[in-house]
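The basis for the numbers below is simple: all heavy atoms, side chains too, and nothing from hydrogens, waters or symmetry mates. Per chain, numbering begins at 1; letters A, B, ... match sequence-line order.
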There are 2 protein chains.
Amino acid sequence: MPTPARSVAEPAADPAAPSAERPSKHEDRREQLAESALVTLGTLGYAKTSLREIAQRSPFSHGVVHYYFSSKEELITSCVRHYKRTCVTRYDEIVASSTTAAELQSRFAEKLAGTIREEGPMHQLWYDLRNQSMFEPALREVVLEIDGQLEQMIWRVVSRYAELAGRAPSVDSSTCYGMLDGLFAQSLLAWATGPDTEREHVLSVLTARVHTLMPSLLG
Amino acid sequence: MPTPARSVAEPAADPAAPSAERPSKHEDRREQLAESALVTLGTLGYAKTSLREIAQRSPFSHGVVHYYFSSKEELITSCVRHYKRTCVTRYDEIVASSTTAAELQSRFAEKLAGTIREEGPMHQLWYDLRNQSMFEPALREVVLEIDGQLEQMIWRVVSRYAELAGRAPSVDSSTCYGMLDGLFAQSLLAWATGPDTEREHVLSVLTARVHTLMPSLLG
DNA sequence: AGATTTTCTTGACAGTCGTCAAGACGTGCG
DNA sequence: CGCACGTCTTGACGACTGTCAAGAAAATCT
């Protein structure tokens, strides 16, 4: 019998590598397809992304998707987890190596803007999926999980910022995340829908706003 | 010749009412369909809403849509403008009739939560469409227009709030909107995806957060 | 009343979607 | 080599989409 798509994603019994050699071919291909899917989703949006489009932007044909994934739903959630792995620690290096509150604030604000510049479509996808989860229960679990991790990521920044400033945060983790995320999403929208000539300006405005907001997060 | 769908929406030359009688039948039906479309869109989301679904939740059959609207795109943008008309002045009565800063703050925070409770799906739709505008240029114009009006609506609240407090706002209009919108969207997400038993709690948390945020908007 | 126009339904079209089955290609084992 | 297995392509299916045309039904006018 052939080896149909696997359900979850653990390196357990892999049909291609009985000797547990390396990142088994299977897992490799899965990630390759997930990568291709991420790019397509980020460009076209969740609503207009078909499996054929995803495959067309990969070295494979449309049928192969169902060889590695049991359904579109599994591919999408696999993608999102793949994306998560690379993104929820984005500011940890800054948190770890900054030595003053001012430095942390500066580098954080700068990186926040930079991540829009360099990974805009990926963030568009994230907000798209987060919204879709309000209509599609299948997405809720993975979305809420990542949302929680993003909140923790922001909280690591803010609490370290407070520590370096010798003060205590004046608002809780969730509120911090809500406000910063609001400003971020607002800038992303302007960045994505505005003219190219305005893009850098939008980012510098975001940086400035983060600079004015952060001090007010301390008690 | 039959009278095919009209393009924009002005009470100009209406084929059904040559004598300019009342909200011409044409306009009535258009609004009726727009209303049905809004409900469907709010329930199913933009991605999964078809013209047949919209018609099925109205007293008409699917073919009638193209009699009143030239395309799906025109129906959608018509809907959104219809929605806008009823929503961008939502807090104006509170702004006009509150006599102290504390009263304005309380009533605003309460209404903010109440509008999720009473029109949750409609807000879900708004965030959905706003996100789609990042992928679909056809939505950008109407989305940016409404977004600007929402910002102004919030600014009317905040600047009146400052005035009543005898102080000046410490942040600009756009930043206010970004932060409050972030908190609002966060609560909406929790409200929409969480269990029914948590809904009221989510709303009271939002109210509390608005109460802590607003004073910090004053200089 | 009949004639005419407006309104609405029905059914079809070309296209796309997720899914799956049948088989071709390639590689490594016995 | 031949055979078996993992991999991938091709082509098809039923369902669904936006769009439109033809005509039935209803309203209006003369």
Side-chain angles (χ1 to χ4, degrees), chain A residues 1-7 13-33 36-37 40-41 44-79 136 138, chain B residues 1-7 13-33 36-37 40-41 44-79 136 138:
Chain A
M1 84 179 172
T3 303
R6 314 222 327 275
S7 53
D14 197 313
S19 64
E21 189 80 25
R22 276 315 137 84
S24 65
K25 192 96 171 277
H26 236 81
E27 216 54 38
D28 256 7
R29 283 279 187 273
R30 275 177 66 101
E31 291 200 9
Q32 200 170 351
L33 281 173
S36 163
T40 310
L41 284 164
L44 268 45
Y46 178 82
K48 303 202 282 192
T49 295
S50 67
L51 295 183
R52 285 171 169 83
E53 266 286 335
I54 292 172
Q56 201 161 346
R57 303 188 185 213
S58 81
F60 308 104
S61 70
H62 76 270
V64 86
V65 175
H66 274 81
Y67 183 71
Y68 289 104
F69 299 90
S70 65
S71 70
K72 182 182 187 182
E73 180 187 313
E74 197 215 331
L75 170 60
I76 302 276
T77 59
S78 247
C79 281
E136 194 145 3
Chain B
M1 81 179 176
T3 303
R6 314 222 327 276
S7 51
D14 196 314
S19 63
E21 189 80 26
R22 273 320 133 86
S24 63
K25 191 96 172 278
H26 236 82
E27 215 53 37
D28 256 7
R29 282 280 186 273
R30 275 177 65 99
E31 292 200 9
Q32 199 170 350
L33 281 174
S36 162
T40 310
L41 284 164
L44 267 45
Y46 179 83
K48 305 202 282 192
T49 295
S50 67
L51 295 183
R52 284 172 169 82
E53 265 287 335
I54 292 172
Q56 201 160 346
R57 303 186 185 216
S58 82
F60 308 104
S61 68
H62 76 270
V64 87
V65 175
H66 273 82
Y67 183 73
Y68 290 103
F69 299 89
S70 65
S71 68
K72 182 182 187 182
E73 179 187 313
E74 198 215 330
L75 170 59
I76 302 277
T77 60
S78 246
C79 279
E136 196 145 4

Practice prompt. Using a cut-off of strictly less than 4.0 Å, decide whether A:Y67 has a side-chain nitrogen or oxygen near OP1 or OP2 of D:dC8.
Written response: no
Item to complete: Please determine if a side-chain N or O atom of A:R29 lies less than 4.0 Å away from the OP1 or OP2 oxygen of D:dG6.
Response: no
Practice prompt. Check side-chain contact (heavy atoms from CB on, under 4.5 Å) between A:R57 and all other residues, then give those that pass, not counting sequence neighbours.
Written response: A:S36, A:T40, A:T43, A:L44, A:E53
Discussion item. Holding to side-chain contact (heavy atoms from CB on, under 4.5 Å), I want the full list of residues that pass it with B:Q32, two or more places apart in sequence or in another chain.
Written reply: B:R29, B:P59, B:F60
What's the [atom1]-[atom2] distance between [X] and [N], to the nearest Å?
X: B:L33; N: C:dT7; atom1: CG; atom2: C1'; value: 12 Å
X: B:R30; N: C:dT6; atom1: CZ; atom2: C1'; value: 16 Å
X: B:F69; N: D:dC20; atom1: CZ; atom2: C1'; value: 17 Å
X: B:H66; N: C:dC13; atom1: NE2; atom2: C1'; value: 13 Å
X: B:I76; N: D:dT19; atom1: CD1; atom2: C1'; value: 15 Å
X: B:Q32; N: C:dC8; atom1: CD; atom2: C1'; value: 13 Å
X: A:Y68; N: C:dC20; atom1: OH; atom2: P; value: 18 Å
X: B:K48; N: D:dA15; atom1: NZ; atom2: C1'; value: 16 Å

Worksheet item: Do any N or O atoms from the side chain of B:S58 and from the backbone of B:A55 form a donor-acceptor pair under 3.5 angstrom?
Response: yes
Discussion item. What's the closest nucleotide to the side chain of A:S61 if the choices are D:dT9, D:dA12, C:dT10?
Written reply: D:dT9
Discussion item. Quick check for you: among C:dG18, D:dC8, C:dT9, whose closest atom lies nearest to any side-chain atom of A:K72?
Written reply: C:dG18
Worksheet item: Taking side chain as C-beta onward, heavy atoms only, is B:Y67 less than 4.5 Å from B:H26?
Response: yes
Worksheet item: Has the side chain of B:H62 got a donor or acceptor atom sitting under 3.5 Å from an opposite partner on the base of C:dG11?
Response: yes
Worksheet, complete the sentence: Ordered by number, residues from residues 49-60 of chain B within less than 4.0 Å of DNA chain D (heavy atoms) are B:T49, B:S50, B:L51, B:R52
Do you know the tightest heavy-atom contact between [X] and [Y]?
X: B:L41; Y: B:Y46; value: CD2-CA, 3.9 Å
X: B:K72; Y: B:T49; value: NZ-O, 3.1 Å
X: A:L33; Y: A:Y68; value: CD1-CD1, 3.8 Å

